[in-house]
Each structure stands twice: as structure tokens, then as C-alpha cells.
Amino acid sequence: MRFPFLFVTRGCKAVPRLQQSQFPSPLSTLPRYQRISVLAHLCKDERSYFITTPIFYVNASPHLGHLYSAVIADCLHRYKLLQGFNSKFATGTDEHGLKIQQAAEAAGKDPLTFCTDVSERFKHLFSSCNISYTDYIRTTEQRHCQAVEHFWSVLWNKGLIYKGSYEGWYSTQDESFLTLLQVGDAVDSSGKQIKVSLESGHQVEWMKEENYLFRLSAFRSQLLDWLKGNPQAIQPERFYHTVLQWLQHDIPDLSVSRQRSRLQWGISVPNDPEQTIYVWLDALVNYLTVAGYPDKHDQWWNVAHHIVGKDILTFHAIYWPAFLLGAGLPLPRTIYVHSHWTSGGRKMSKSLGNVVDPLQRSQMFTTDGMRYFLLRQGVPDSDCDYTDRKVIRLLNAELTDSLGGLLNRCLAPALNPTQVYPSFCPESFPREQGGRAVAEDYHMLDAVKNLPAVVEQHFESIHVYKALEAITACVRQTNAFVQRHTPWKLDKSNSEEQRWLDTIIHVSLECLRIYGTLLQPIVPEISDKLLSRLGVQSGERSWAALNFLPRYQGMDCPFEGRALGSNSGVLFSRLENENVDKQKPTKAKKAAKQK
Ligand SMILES: Nc1ncnc2c1ncn2[C@@H]1O[C@H](COP(=O)(O)OP(=O)(O)OP(=O)(O)O)[C@@H](O)[C@H]1O
């Protein structure tokens, strides 16, 4: 639910005191507790939020790692929308540079046709996987070329770019310059001694040429001040410390152009057609282009948050902020960093070719299944190895058995023949113990009541897996609640027993409503199915509507007595896999079981 008409600045003072009659219509239809909650959320921050993925290099088709970045950003975007923010979400493709020039040549295509083909593949993947971007940028677009030229001219006019001579190691694969400390020895497949980047393993070459340099060295202390004053600027914390560590040493000026004779596929340096702008400077400016730069861009640029893989941290946490400081622009609010999916123990990468096709996997395991897996299993702080077996096990356990099983149990016609949201009986489940509920039931209520705050905290630091861990733990508690009270054994001809049965189901459906609402940013289709089955309308699915079990608090529940939605089948079908089913426990597991 979005309330773009409410003007709210930092702090609550700027929020006008609204009379009941002044609440704009969608808000005025909400119960009082929800209105307060909406306003409280809007007071916490500005109402705008701008989230970006890296723009993806189109030298080859997308793989699972690219989808991962996009799914994280999509999850944050959807979460902000649920909270009532006006959120903008940009992704797209990075289309200039030597690697693309070479890949297009190898494919026998002109570079733009080549880029368009691959860019369309990314777009197709994202739309197939429900990536709800609001802007898809390509760096070959006119609006972007204009933004880059303008940005360059600003830096040039401030004397921050000068013509010089660059000499050093360069990795074409990474489109990156390296210091001596970042380079090591290796042997190629023919047994020849080569130099490689210690970080990516890609071969590097010694490069010496006349080009333009950016005065990066002049920004070290400003970058340190920025980070020290904004400890949340790079998250998770581990990467914040990595960048601080990098800044303990001098940083050399950065070459920001290539001779046109070597690189034609890129934007020319303004007033110097012999030079092409460095692909990373070009690419990073995409975030400004989407925000509207060089025209009116403040609304979005002031609230920008980037999602990036750890492989491109230097570019986003050092070069980009230095360029922005140079241009006199605000720095991004947060740089969220995630680690890598590995395959066979090595970073999944286009150049290595050890990639998993995300489109094919999302057809095998469903789009929501893949989204759930990536966000549940992916840990931003550390790498994670991908296998299909892990996907199948996780989805069967958590989506089919735990969540789907709970929904099935609670909606079984034998327990709920009229298919309505049953009533809650305060005498059976009083606020003080003494009814039919036991201590564990009260613990469960506390856990579910606190769940939105826990999930919010983890979403804010992109630890989505922790949010899912907390939701899964609550789902388990609700299953245990149903199991403990065996509602199917209660005597429906006895009115007191029937009231208790209804209460058990009411409480369980309330839990499911909270889980379904919180899961929307992660698995939008499954959540929609779940909430629709519970009869929860689209206007009742926002963060503000997360008012758990109001009847227990002595308030009205809008769902009580309402007809449930139609049954559209199982929530998540079990995934079959022979290998998984046939797999025998290892010796170590057997021993652990016996203990
Ligand atoms: N293995 C991966 N795991 C997680 N994210 C990844 C992975 N590979 C790429 N990404 C995401 O995509 C971004 C851009 O990656 P890039 O296009 O360079 O892919 P790549 O496969 O590493 O390419 P190359 O092999 O050509 O270097 C990364 O910063 C990250 O956000």
C-alpha cells in the first residue's frame, strides 16, 4: 500500500496533525491502530527509497549469481512498498568495454546488436522471476551517454581529471587496474608463466599508455571521514572493515580513459575523440542516470541504496564515492554487499563457465522456489555452494511440509466444514493462563507478535536468511501448537470443545496471515496464494495491517466469520528427486543419530 500523498520528512515534527476527516481515503478506511502504524513507519524515514542492483555486463548470458543480486534488491523494494514507501528499483545492463567489443567480434555481430541480444536475455530472466524493477537501464541509451558526458565535464571543470601516463597491470576480464600487491604468478594451460589477479584469478597484462587520470589519491581522508561517520554505510559490517582496511594505505590516481585505438566500444571523452571513457566510470554513473541526472535527481539520489557482489566492492566503496565527492554529490545511503554462489567450490562466473542456468532452474523448482532458496540459503557474509539437491531438500522441508502442511491442516474440511475464519474464544485462550492454552502457546504468541520487528531488523541489514530463519521457527511453533492440542480429536457436539477447536484454528490462521504477509517480498506468488486462501484482501496485506491476533488483545478482528478464499490447490508441490530419496545416511550421520 502506498501513500505518496503524505509529506513526511525526518522526525515526526514535520508530520501535520491530521484530523479523522483529513485522512486521505485509503488511510481513512483503515482501523485506528493501522493508521497509527502507517504514520509511525512513514515518520521513521523519508517516504522515498531507491534501490539498485549492479548493472550486469553483457559479455555472456545471465547465471544464478546475477539472479541472486536481483532477487535481494527485489525483496528490499517489495518490503519498502509494503511499508508504505514510494520505492524505485533499478537494474539493467552494462554494455561498453573491451570484453564486449571482443565478445561481439567473436560472435560475428556488431556490438550494439550483440548487447541488445544479451540485454534481452537478462530482461527475460528478470520478468520470468518476478523481479519488479521500475527502471531498466542500458548504458548504450542516449540518456545515459548524456549523463556520463555531463559527469565527466563536472570532474574535468573542477580540475579532478588530468592527462597523464598510466603504466601498470591491467585485467581485461575484470576491466580493472591492479597494484603490485594484487598480482601473482601462475601458469596457463600451455605451461606458460603468466601474471594473474590474486582476487579473480584472471590474467593481467602490463599496460602503458597516455590517458586521463582521476585524482583518486586526493580523496582518501574524505572517504575515511565518510566511513567513520557512517558505520552503517557498508553492510554487512565485515565489508565495512574491509574497506576501512584498504583505506589505511595510499590509493593511487585512477586511469579513467583508454586510447580509442584500443577501445572503440564506449563513450568518447568530451572534446577528445582519441580517448574512450573507462567502462567503470561509465557504468557507475548509471545510478545517477536513473535518478534523473543531470536534471532533477535529488528526490531519488538522496535516498540511494546499492546492492553489489563483493567482487565489485572496490568500485562501489572507493571509486564511486570518490567520483561523487568530486562532483559535489551526496553519497549513497548504504552499500549492501553479498558474497558469491560457488559451483564446485569456485565462484560461479561467466568466464569460468561453471554457471547454473537460473531460468531453467526456476522452471524446475518454480520461480518462488528459486527465490526462496536463494534468500534462505544465501548468506551475505560468506560464499555458498549451489547444488540442486540442497534446493529440493530445503523447499520440500520448509515450503511443502512445514508451511504448506500447516495450511492444509488448518483448512481441512473435517475441522472447518463451513470454510470460514472461525471465532476466537477469550475464555479458552485468556490473556492470563487459566483457559485451555498452556505455557508453550503463550510463548508462541509472543514470538509471532514480535516477528514483524525481527524480520524488519534483518531485512534492513539484508540478512534475509535470518528473517526466514525466524519465520521458519515460528511456523514450526505453530505446527507444534496444532499438534499439541490435536483439534481433530475434539468432540464437536460439545459447544465448549467446539469453541476451543475454533480458537485453535483462529490462532493458527492468524499466525499464517502474519507469515503470508511477511513472506510477500520473498515469495510473492506463494504469499498471494496463502493470503487469498485465508480470505485476506489486497488492501489488508501491508506492513501496517500486521496486527496479530487482535481478539486476544480485546479488539475486533476483521477476518472473524469471513468466508475463506477458494481452494486453488497445494501451496507448494513436493519436488521429486530420485537421488535425494535414495540417498543413504552417511556413517557420520548414522553415528550422530544413534547418539
Ligand atoms: N557467483 C556469483 N554469486 C553471486 N553474485 C554474483 C556472482 N557472479 C556475479 N554476481 C553478481 O553479478 C555482478 C556482476 O557480475 P559479472 O557480470 O561480472 O559476472 P561474472 O560471472 O562474475 O562475470 P565474469 O566472469 O565475466 O567476471 C556481481 O557483482 C554480483 O552482484
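Each ligand, and each atom within it, is numbered from 1 in the order the structure gives. These numbers were taken from a predicted model, which means no experiment stands behind them. Hydrogens, waters and symmetry mates are skipped; everything else that's a heavy atom, side chains included, is used.
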May I have every N or O pair linking ligand 1 to the protein at under 3.5 Å, one per line with atom names and distance?
residue	atom	partner	partner atom	Å
ligand 1	1 (N)	Trp341	O	3.0
ligand 1	1 (N)	Met348	O	2.8
ligand 1	3 (N)	Trp341	N	2.9
ligand 1	5 (N)	Gly65	O	3.3
ligand 1	17 (O)	His66	NE2	3.3
ligand 1	17 (O)	Lys350	NZ	2.9
ligand 1	19 (O)	His66	NE2	3.0
ligand 1	21 (O)	His63	NE2	2.7
ligand 1	21 (O)	Lys350	N	2.8
ligand 1	22 (O)	Lys347	NZ	2.4
ligand 1	25 (O)	Ser349	OG	2.9
ligand 1	25 (O)	Lys350	N	3.2
ligand 1	25 (O)	Ser351	N	2.9
ligand 1	25 (O)	Ser351	OG	2.4
ligand 1	26 (O)	Asn59	ND2	3.4
ligand 1	26 (O)	Lys99	NZ	3.3
ligand 1	26 (O)	Ser351	OG	3.2
ligand 1	29 (O)	Gly309	N	3.4
ligand 1	29 (O)	Asp311	OD1	3.0
ligand 1	29 (O)	Asp311	OD2	3.4
ligand 1	31 (O)	Ser69	OG	2.7
ligand 1	31 (O)	Gly309	N	3.1
ligand 1	31 (O)	His338	NE2	3.4

Using 30° and 60° as the class limits, which term best fits the ring planes of Tyr212 and Trp156: parallel, tilted or perpendicular?
->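 Aromatic pair Tyr212/Trp156 classed perpendicular.
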Taking it one step at a time, do Thr242 and Gln245 satisfy side chain to side chain donor-acceptor pair (under 3.5 Å)?
-> CA-CA 5 Å; Thr242 305; Gln245 194 59 36; over 6 Å; no
May I ask you to check whether Glu95 and Thr93 show a side-chain donor-acceptor distance below 3.5 Å?
->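 Yes, side-chain donor-acceptor contact under 3.5 Å.
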Can you name the salt bridge (Lys or Arg N to Asp or Glu O under 4.0 Å) partners of Asp188, sequence neighbours left out?
->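 For Asp188 there are no salt bridge (Lys or Arg N to Asp or Glu O under 4.0 Å) partners, ignoring immediate neighbours.
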Verify whether the ring centers belonging to Trp246 and Tyr319 lie closer than 6.0 Å.
->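 No, the ring centres sit 6.0 Å or more apart.
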Out of Tyr49, Phe459, Phe89, which residue meets the ring-ring contact (aromatic ring centres under 6.0 Å, His included) rule with His305?
-> Tyr49
